[in-house]
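Here's the structure, in structure tokens; my notes come after.
These values consider heavy atoms only, across backbone and side chains, with no hydrogens, waters or symmetry-generated copies. The chains referred to below are lettered A, B, ... by the order of the sequence lines, with proteins before strands, and numbering in each begins at 1.
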Amino acid sequence: AALYTSLIDALCKAKLGKEGFRVFESMQQHGSTPDLYTYTTLLVGLGKSGQWDLVRTVVADVKRAGFTLNVVTYNSLIDSLGKAGQDEAARRLFAEMEQSGVSPDVVTYNSLIAGIGKVGSLEEALELLETMKTRGISPTVVTYTSLIDLHIKAGNIKVVWKLLEEMNLRGLKPNAVTYRALIDGFCKAGELELAWDFYLNMLDMDYPPHLFTYKSLITACHKEGRADKMQELFENIKQKSYGRK
RNA sequence: CGAUCAAACCC
């Protein structure tokens, strides 16, 4: 079953959810029984490609096969629903999960926060952060990056500072993804100076800047007519590419 | 040992 799971996983990641489903059907014809890993992998693929009818069918199959959904399966479904903007369905599933006695973990909350924030319920997203903390589930850098990204895009810079401070207090360091969210967010908000500070910060931390990070910065520099900074950026980029082996 | 979370190109 592990072999089939890997195959289905690869197909789904290649955006071939349909193919994944076909392999899933054929594995059963060949006498191999899917386990919960197989089902979860398949559900992720189907969710990503928006095939909710099949998702429902497969979930019913899982239950019929006598499996109890575990935390990873629930997390996967909640995440897919959130990404599809189906925040109500995600909340319902979360409730169902708790009723079934499956304890949410940090990934559950991170998925919920991202999904609910996506539809604009920033307050609720922040409340979820509080809830998870009171329940003894420690937020991670992913939790904070997700919230920072949501708030910076909404123009709530004050909240962004608060989140960064809170991260600091908890001993969590921004990682490369956090920096990218900050830089891109500040660029789009027209806060070039702030974006620039974080950019320098990121270089100090030895995080390799991404091409897209440069692109954000260049666009912002251009909009604000900061030819000087653009020049500096180009120098940086040149140095980096020469320094590479 | 094989499954789930945040940013970024296009949207």
Can you list everything that forms a side-chain contact (heavy atoms from CB on, under 4.5 Å) with [X]? Sequence neighbours excluded, please.
| X | value |
| --- | --- |
| A/K48 | A/V44 |
| A/V71 | A/N75, A/M97, A/V102, A/D105, A/T108 |
| A/A189 | A/E191 |

With a 4.0 Å cut-off on heavy atoms, is [X] in touch with a base, just the backbone sugar-phosphate, or nothing at all?
| X | answer |
| --- | --- |
| A/T145 | base |
| A/A2 | base |
| A/N70 | base |
| A/V72 | base |
| A/A1 | base |
| A/S6 | sugar-phosphate |
| A/T41 | sugar-phosphate |

Compile the donor-acceptor pairs under 3.5 Å between side chains in residues 148-156 of chain A and protein atoms, sequence neighbours left out, one pair per line.
from	atom 1	to	atom 2	distance (Å)
A/D149	OD1	A/K153	NZ	3.1
A/D149	OD2	A/K153	NZ	3.1
A/H151	ND1	A/L147	O	2.9

key: Partners meeting side chain to side chain donor-acceptor pair (under 3.5 Å) with A/T41 (sequence neighbours left out)   = none
key: Side-chain touch A/Y179/A/T213, heavy atoms, less than 4.5 angstrom   = no
query = With a 4.5 Å limit on heavy-atom distance, are the side chains of A/V62 and A/L36 in contact?
reply = yes
query = For A/E124, which residues count as a salt bridge (charged side-chain N to carboxylate O under 4.0 Å, His left out) partner, sequence neighbours excluded?
reply = A/R91
remark   = d(A/L112 CG, A/L81 CG) to nearest 0.5 Å is 10.0 Å
remark   = Separation between CD1 (A/I8) and OG1 (A/T5), nearest 0.5 Å, reads 6.0 Å
request  = Hey, can you tell me if A/W196 and A/Y199 have their rings parallel, tilted or perpendicular (30° and 60° cut-offs)?
outcome  = tilted
Mind calculating the distance between [atom1] ([X]) and [atom2] ([N]) to the nearest angstrom?
| X | N | atom1 | atom2 | value |
| --- | --- | --- | --- | --- |
| A/K83 | B/rC11 | NZ | P | 21 Å |
| A/F186 | B/rA7 | CZ | C1' | 14 Å |
| A/L42 | B/rU4 | CG | P | 13 Å |
| A/L182 | B/rA7 | CG | P | 13 Å |
| A/I152 | B/rA6 | CD1 | P | 18 Å |

Contact residues, [range] to RNA chain B [heavy atom, < 4.0 Å]:
| range | value |
| --- | --- |
| residues 154-165 of chain A | none |
| residues 26-38 of chain A | A/D35, A/Y37, A/T38 |
| residues 106-139 of chain A | A/V107, A/N110, A/S111 |

Every protein N/O within reach of nucleotides 8-10 of chain B N/O, cut-off under 3.5 Å:
from	atom 1	to	atom 2	distance (Å)
B/rA8	OP1	A/K153	NZ	2.4

ask   = Restricting to pairs with a member in residues 54-73 of chain A, which pass salt bridge (charged side-chain N to carboxylate O under 4.0 Å, His left out), not counting sequence neighbours?
value = A/D53-A/R56, A/D61-A/R64, A/K63-A/E96
task = Among residues two or more places apart or on two chains, list those pairs meeting salt bridge (charged side-chain N to carboxylate O under 4.0 Å, His left out) that have a residue in residues 167-180 of chain A.
result = none
query = Where do A/R226 and A/E232 land on the salt bridge (charged side-chain N to carboxylate O under 4.0 Å, His left out) test, with the steps shown first?
reply = CA-CA 10 Å; A/R226 295 299 303 263; A/E232 202 179 324; over 6 Å; no
